Chemist: 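Sharing a structure here in structure tokens format.
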Amino acid sequence: MNGGILVVTAVEAEAEAVRAGLVGDSVTVAAVGVGPAVAAAGTARLVALAEAAGTPYRAVVSAGIGGGFPGRAPVGGTVLATRSVAADLGAESPDGFLPLDELGFGATTAPADPALFELLRTCLPYAVTGTVLTLGTVTGTATTTAALLGRYPDAVAEAMEGYGVAVAAGAAGLPFVEVRTISNPIGPRDRAAWRIGDAFAALTAAFATVGPKL
């Protein structure tokens, strides 16, 4: 793809890891904050400012580290989202969780742009592909892990911003995709099992490969 690309991360450490893999100035990298709401607001602001300046972006990528479902996305691995899903947007009921879609109030799924997804998959053939869940609360129990997999059998990872970034990109008519590298297994919270440095290194390596094609 030609033209300016916006890569959005949650925190500056992620943004620095992405920048470390890039050469040239065709990609803008910005940290906008943690969580789907602040990610959506920050992305929308950056897109609007670029449009107002006469230098609109051509696509938006949500990038950063996240948790991987054991047996699907290994720690230190890379994930490319086929879709980003707001997994906790909905309502509780006696029969279980009801997604927003079932309530009739909107959609909770943002599919990756097909052309952008295929471009990144070609660049990252080793990446695990599947649904990446967006959650406002990091999963920390086996019970929640099982419930999420029950609702989303194709889920490979979770993070906290992808769906929010996707909504902002979609509102501006821009292609979107989410890329994550895995810092920890999803399940009972165990900081000793986290490998944040490995995830940052994988993020740098991914964008060193992807960057020249964007």
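All values below come from the heavy atoms of this structure, side chains included, with hydrogens, waters and symmetry mates left out. Nothing here was measured: the structure is a model prediction, and the numbers come from that model.
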Chemist: Nearest 0.5 angstrom please: Ile196 CD1 to Ser183 OG, how far?
Modeler: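 One finds 5.5 Å between CD1 of Ile196 and OG of Ser183.
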
Chemist: Show your working on side chain to side chain contact (heavy atoms under 4.5 Å, CB included) between Leu124 and Val210 and close with a plain yes or no.
Modeler: CA-CA 8 Å; Leu124 305 171; Val210 169; 3.7 Å; yes

Chemist: Taking Gly130's backbone N and O only, do any of them form a donor-acceptor pair with Arg83's side chain (distance below 3.5 Å, no angle check)?
Modeler: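 Such a contact is absent between Arg83 side chain and Gly130 backbone.
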
Chemist: If I take atom CG from residue Leu214 and atom CZ from residue Phe207, how far apart are they, to the nearest 0.5 angstrom?
Modeler: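 That separation rounds to 7.0 Å.
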
Chemist: Would you say the side-chain atoms of Arg180 pair up with the backbone N or O of Gly66, donor to acceptor, closer than 3.5 Å?
Modeler: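 Side chain of Arg180 to backbone of Gly66: no pair is present.
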
Chemist: So how far is it from Asp88 CG to Leu133 CG, rounded to the nearest 0.5 Å?
Modeler: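 If I round to the nearest 0.5 Å, the distance is 9.0 Å.
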
Chemist: Is the CG atom of Asp25 crowded by more than 12 outside heavy atoms at less than 6.0 Å?
Modeler: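 Incorrect, the count does not exceed 12.
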
Chemist: Quick one: do the Thr134 and Glu158 side chains pair a donor with an acceptor below 3.5 Å?
Modeler: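 The criterion, which ignores hydrogens and geometry beyond distance, is not satisfied for Glu158 and Thr134.
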
Chemist: Check Arg121 with Glu118, please: is the shortest side-chain N to carboxylate O separation under 4.0 Å?
Modeler: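 Salt bridge present between Glu118 and Arg121.
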
Chemist: Hydrophobic cluster membership, with links at side-chain heavy-atom distances under 4.5 Å among I/L/V/M/F/W/Y: are Val179 and Phe200 in one?
Modeler: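 No; Phe200 is not reachable from Val179 via cluster members.
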
Chemist: With a 4.0 Å cut-off on N to O distance, would you call Arg19 and Glu14 a salt bridge?
Modeler: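 Between Glu14 and Arg19 there is no salt bridge, as every charged N stays at least 4.0 Å from the carboxylate O atoms.
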
Chemist: Could you tell me whether the side chains of Ser62 and Glu161 share a donor-acceptor contact shorter than 3.5 Å?
Modeler: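 Looking only at side-chain atoms, Glu161 and Ser62 do not form any donor-acceptor pair under 3.5 Å.
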
Chemist: Do Leu22 and Val177 share a hydrophobic cluster, counting only Ile, Leu, Val, Met, Phe, Trp and Tyr and linking them when any side-chain heavy atoms are less than 4.5 Å apart?
Modeler: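 Linked within one cluster.
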
Chemist: Could you give the distance from OG1 (Thr137) to CE (Met160), rounded to the nearest 0.5 Å?
Modeler: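 Those atoms lie 6.5 Å apart.
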
Chemist: Kindly indicate, with the supporting measurements, whether the criterion side chain to side chain contact (heavy atoms under 4.5 Å, CB included) is fulfilled by Ile182 and Val79.
Modeler: CA-CA 8 Å; Ile182 305 304; Val79 166; 3.9 Å; yes

Chemist: Output yes when a side-chain donor or acceptor of Arg189 lies under 3.5 Å from a complementary backbone atom of Ile186, and no otherwise.
Modeler: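 No; zero donor-acceptor contacts below 3.5 Å.
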
